[in-house]
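Below, chain A is the first sequence line, B the second, and so on; all start at residue 1.
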Amino acid sequence: MAELEKVYDPKKTEDRIYKMWLDGGYFHAEPDSSKLPFSIVIPPPNVTGQLHLGHALDNTIQDVLTRYKRMRGYAAVWVPGTDHAGIATQARVEKELRGEGVSRHDLGREAFVERVWEWKTEYGGRIIEQLKLLGSSCDWERERFTMDEGCSRAVREFFVSLYEKGLIYKGERIINWCPRCVTALSDVEVEHEEQAGHFWHIKYRVTNSDEFVVVATTRPETMLGDTAVAVHPDDARYSHLIGKTVILPLMNREIPVIADEYVDREFGTGCVKITPCHDPNDFEVGNRHDLERILVMDNDAKIINGGKYDGLDRYDARRAIIEDLQALGQLVKIEEHTHSVGKCERCGTVVEPITSNQWFVKMQPLAEPAMDVVRDGRMKFVPERFAKTYMNWMENVRDWCVSRQLWWGHQIPAWHCEKCGHITVARDDPDKCEKCGSADIKRDPDVLDTWFSSALWPFSVFGWPDRTPELDFWYPTTVVTPGYEIIFFWVARMIFSGMEFMGDVPFRTAFIHGIVRDDKGRKMSKSLGNGIDPQDIIDQYGADALRMNMISGNSPGSDMRFYPERCEAMRNFANKIWNAARFVMMNLTTDKNELPAALEPEDKWILSRLAAATREISENLDKYELGLASAKIYDFIWDDFCDWYIELSKPRLNSGDADAAASAQKMLLYVLTEILKLLHPFMPFITEEIWQALPHEGDALMIQTYPEYTAALDFPREAADFERVMAAIRAVRARRAEMSVPPSKRPSLTIVSDNPEIFEAGLVYIARLAYAGDVIVSRSAPADTDSMVSAATDSARIYMPLRELVDTEKERARITKELEKARADLERLESKLSNAEFTAKAPERVVAAERERADKARALIANLEASLKGLD
RNA sequence: GGGAGCAUAGCUCAGCCGGUUAGAGCACCUGCUUUACACGCAGGGGGUCACAGGUUCGAGUCCUGUUGUUCCCACCA
């Protein structure tokens, strides 16, 4: 048997244990019809990513669930992988290129993409390695990448069939454009932020008139593209102008005044400038009125088609335009105005709404089934409230802009015919236009939104579009565990994609977690510099401590603050278990793990506690209440097993009675082993390490069977009796502590009880744990109680002859105080019990519990009264 | 403009279906080299569960409102 060091050192075990698991192939699963399926697909981290605490949380959750189910006998698979992260990865490599003084355009598309692949091969695996440090039991043989061959095939099939069904189209719409990333973005990639700005009121002169209309705008530079001014059709102030024209200042363009219901008469001046190319509403208005579209910004947000302003950056143009309008006397006023500004989720640049020819996924038909499955419960959110968030978004979802003007990603499988303009979308690369047969076709240069491939992840990782045994067995997956910030990006899109192509939900449960914040409650970010590297925490406290910290004291779906000190508590916990194991091993002579033939009262007590813990841990894990489950196991190990049971075992181990010692050893080994199993999903490394050092059958703890509640090992009656012995011990300890009696002082005790047999059975434990000399159990009090210190529980009176410490008056005062409290308790209970409504309406067990409590209070009062009398 | 969360001990948080005297970790106080562990042991102090109503035999827990706070969504230029 291995010698264990005094202090547990995670560094000496984690790598070795992880390697052992890998070598054993325990993470790998195959479809197995003799077992129930359990599957999780990882939310694929970006290949550019570094592990952060959010990943630590997310992956700890997945690992706890997977390890639990695996031990429960499921064919449990956790499929890992990474996401190609279009924009982020491309930006990363472009930055590298800039350092070498070249741009991606210098390289050309093919060479650039080649370069990104190289980068990916070299650095992309880092985050996967970091996941391993956490103990993640992913099936690495199934590791995938959103741009590997299989995923690419899935994306192609997915795109083409959507196109064939008319659910993907290309068209000119208003989209969000990031001038820095130089690409279109989807709506969810734009973060809105309230910002202080201005509201500029500008006069437009009515053609051939001295009359002016005043329009207000927050983005004056867009006026260069105005092609109308709109008023409400029923607005008496302006009805005479409808059909006339006004002169657009600076550009001196004649533009019509139109009537449209969209205009809010109450807001601003009631006149709206219409810029179809640069505002979504104006775009709609433009369509209704067949207005000209003038695009006044290029891809870099520099002015085009804007006369003298051409070439200026949008904000320079804004300043220039304001100045010029002022000079012309056409700037009426400037109001302070806070409005919401959209920023690129990746780079923070203010996005520009512009019309652009892009690819879209038509959402309406896809959203319906995706909402049904939540409504009818085929798929559920944990916590439930996120279903509302999801539904609300789905109900109002707009078409998804999926094309990106990037090079890194899945290139759109569409070919434009130079001759007839037809677009050929095909599963296999075509060599001619499917319509006119011309060979002069060019592939659409755009790539797809990164989330397009992630949407297919739950089935593409199992081989779709092929029908594979994996897909049959593991789809729908059991649960997915994203943070709430990616419900729209990922969860929603997986659901409608799964419904459309698999005809079933991608997962039965979406277990949503919150985000990890710093100790001040702020989001961790690079710019704040408040990020904590999980690797540092692992180095310092161990992966188990980090995992346990992520899981405990946290309720599902809520954010958590990260305190390194809490890891210290969990490291201490690991050390506690370590030392408990050392104690068990130090006393071990058996090499077989089995319960002793005869069980002592304290054995039945700990087994009952173990039974309760076992039941509650599983119940909570099944409900995704990981925090509660971890608290149960923590309390059981520390309080019940270490503080009580190990101490209780010492008299037997040291009794000199070989049989008694052997039975204690067996008990310790048995309970410790059960503890290791229960704790393993949470703290896999230390539990495996200890288990390997203990007598065991089988190769690894991680593939042992998870404990289940067994009524045969639950002894509620005996456990309750033993609790009385413990209560007596506590009472004596408390009295001694109050009077500062050192442990070395060992007075004899007299325990007075109506149930002496209970205490007879616990004599040795009382002696040891309450630091007593000899212990006498009796039905009646000793003669000279007036010179003794007493302690009372609801089942016993304990007398200690500590004559020199006794201050009769103080004793009397203390007992009187306790008595008062006990009487108040009893009074409260009795009034409750005498309330006919309570006894009639409250459930039977509640009434029974209150009765029992009242009985105990009475017993305690009787004992206290007797103690008081003994003083006289 | 909609929607959601949170408010419990000095701090950070648990408290699931309403049912003991409301818990944990850290911090604090008093003892303790009790041969697994001072990353420990024993004992202890500390809470009007934001506020106001209501439902109920019974409310930290359910309902309504108020206040404070955080977040999400939304095309009023």
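Within 4.0 Å (heavy atoms only), Ala569(A) reaches sugar-phosphate atoms of the nucleic acid but no base atom. No engagement by Phe573(A) is indicated, since no non-hydrogen atom pair under 4.0 Å with the nucleic acid exists. The residue Lys821(A) sits close to a base: some heavy atom pair falls under 4.0 Å. Across all strands shown, Asn835(A) has heavy atoms under 4.0 Å from sugar-phosphate atoms exclusively, and none from any base. The residue Pro353(A) sits apart from the nucleic acid: no heavy atom pair falls under 4.0 Å.
Straight-line distance from the CG atom of Leu628(A) to the C1' atom of C17(B): 13 Å, rounded to whole Å. Between the CD atom of Glu485(A) and the C1' atom of A4(B) there is a distance of 16 Å, given to the nearest Å. One interatomic measurement links the two molecules: OH of Tyr390(A) to P of G5(B), which rounds to 20 Å at whole-angstrom precision.
For the ring pair (Phe, Tyr, Trp, His ring centres under 6.0 Å) test, no residue two or more places apart in sequence or in another chain qualifies with Tyr541(A). Applying the salt bridge (charged side-chain N to carboxylate O under 4.0 Å, His left out) criterion to Arg746(A), with sequence neighbours excluded, gives no partner residue. Contacts of His198(A) classified as side chain to side chain contact (heavy atoms under 4.5 Å, CB included), with partners at least two apart in sequence or in another chain: Trp200(A), Ile334(A), Glu336(A). Not a single ring pair (Phe, Tyr, Trp, His ring centres under 6.0 Å) links Trp644(A) to another residue, sequence neighbours left out. Residues passing the salt bridge (charged side-chain N to carboxylate O under 4.0 Å, His left out) test with Asp635(A), sequence neighbours excluded: none. Take Tyr563(A) and apply the ring pair (Phe, Tyr, Trp, His ring centres under 6.0 Å) test, not counting sequence neighbours, and it matches no residue. Residues passing the ring pair (Phe, Tyr, Trp, His ring centres under 6.0 Å) test with Tyr8(A), sequence neighbours excluded: Trp578(A).
Leu291(A) and Ala228(A) get closest at one heavy-atom pair: CD1-CB, 3.5 Å.
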Please report, to 0.1 Å, the donor-acceptor pairs under 3.5 Å made by any side chain of residues 735-745 of chain A, with sequence neighbours excluded.
from      : atom 1 : to        : atom 2 : distance (Å)
Arg735(A) : NE     : Ser790(A) : O      : 3.1
Arg735(A) : NH1    : Glu738(A) : OE1    : 2.6
Arg735(A) : NH2    : Glu811(A) : OE2    : 2.5
Arg736(A) : NH1    : Lys745(A) : O      : 3.1
Arg736(A) : NH1    : Tyr771(A) : O      : 2.9
Arg736(A) : NH2    : Pro742(A) : O      : 2.7
Arg736(A) : NH2    : Lys745(A) : O      : 2.7
Lys745(A) : NZ     : Glu804(A) : OE2    : 2.7

Hey, what are the protein-to-nucleotides 8-13 of chain B N/O distances that come in under 3.5 Å?
from   : atom 1 : to        : atom 2 : distance (Å)
C13(B) : OP1    : Arg561(A) : NE     : 3.0
C13(B) : O2'    : Gly553(A) : O      : 2.7

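Each salt bridge (Lys or Arg N to Asp or Glu O under 4.0 Å) pair with one or both residues in residues 552-568 of chain A, not counting sequence neighbours, appears once here: Arg517(A)-Asp559(A).
With G19(B), C39(B), A77(B) as the candidates, the nucleotide lying closest to the side chain of Lys832(A) is G19(B). Counting only heavy atoms from C-beta on, Lys623(A) has its side chain closest to C16(B) among C16(B), U56(B), A77(B). For Val272(A), the listed nucleotide lying nearest its side chain is A77(B); candidates were C57(B), A42(B), A77(B). For Ala842(A), the side-chain atoms get nearest to C57(B) when compared with the rest of G43(B), A4(B), C57(B). Out of G3(B), G43(B), A74(B), the shortest distance to the side chain of Ala734(A) is found at G43(B).
Ion pair Lys520(A)/Asp518(A) not flagged as a salt bridge, since none of the NZ, NE, NH1 or NH2 atoms sits closer than 4.0 Å to an Asp/Glu carboxylate oxygen.
A50(B) and G68(B) have their C1' atoms separated by 8 Å, with the value rounded to a whole Å. When the C1' atom is compared between G2(B) and G58(B), the two are found 37 Å apart, to the nearest whole Å.
OP1 or OP2 of C41(B) lies within a sub-4.0 Å distance of a side-chain N or O belonging to Trp638(A).
Annotation: cation-pi pair Lys576(A)/Phe641(A) absent, no NZ/CZ under 6.0 Å from the ring centroid and within 45° of its normal.
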**Report entry** B/S/- contact track for nucleotides 31-36 of chain B, protein heavy atom under 4.0 Å
**Finding:** ---B-B
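Consecutive Watson-Crick or G-U pairing (both distances under 3.5 Å) extending over three or more pairs maps onto RNA chain B as B:1-7 with B:67-73, B:10-13 with B:23-26, B:28-32 with B:40-44, B:50-54 with B:62-66.
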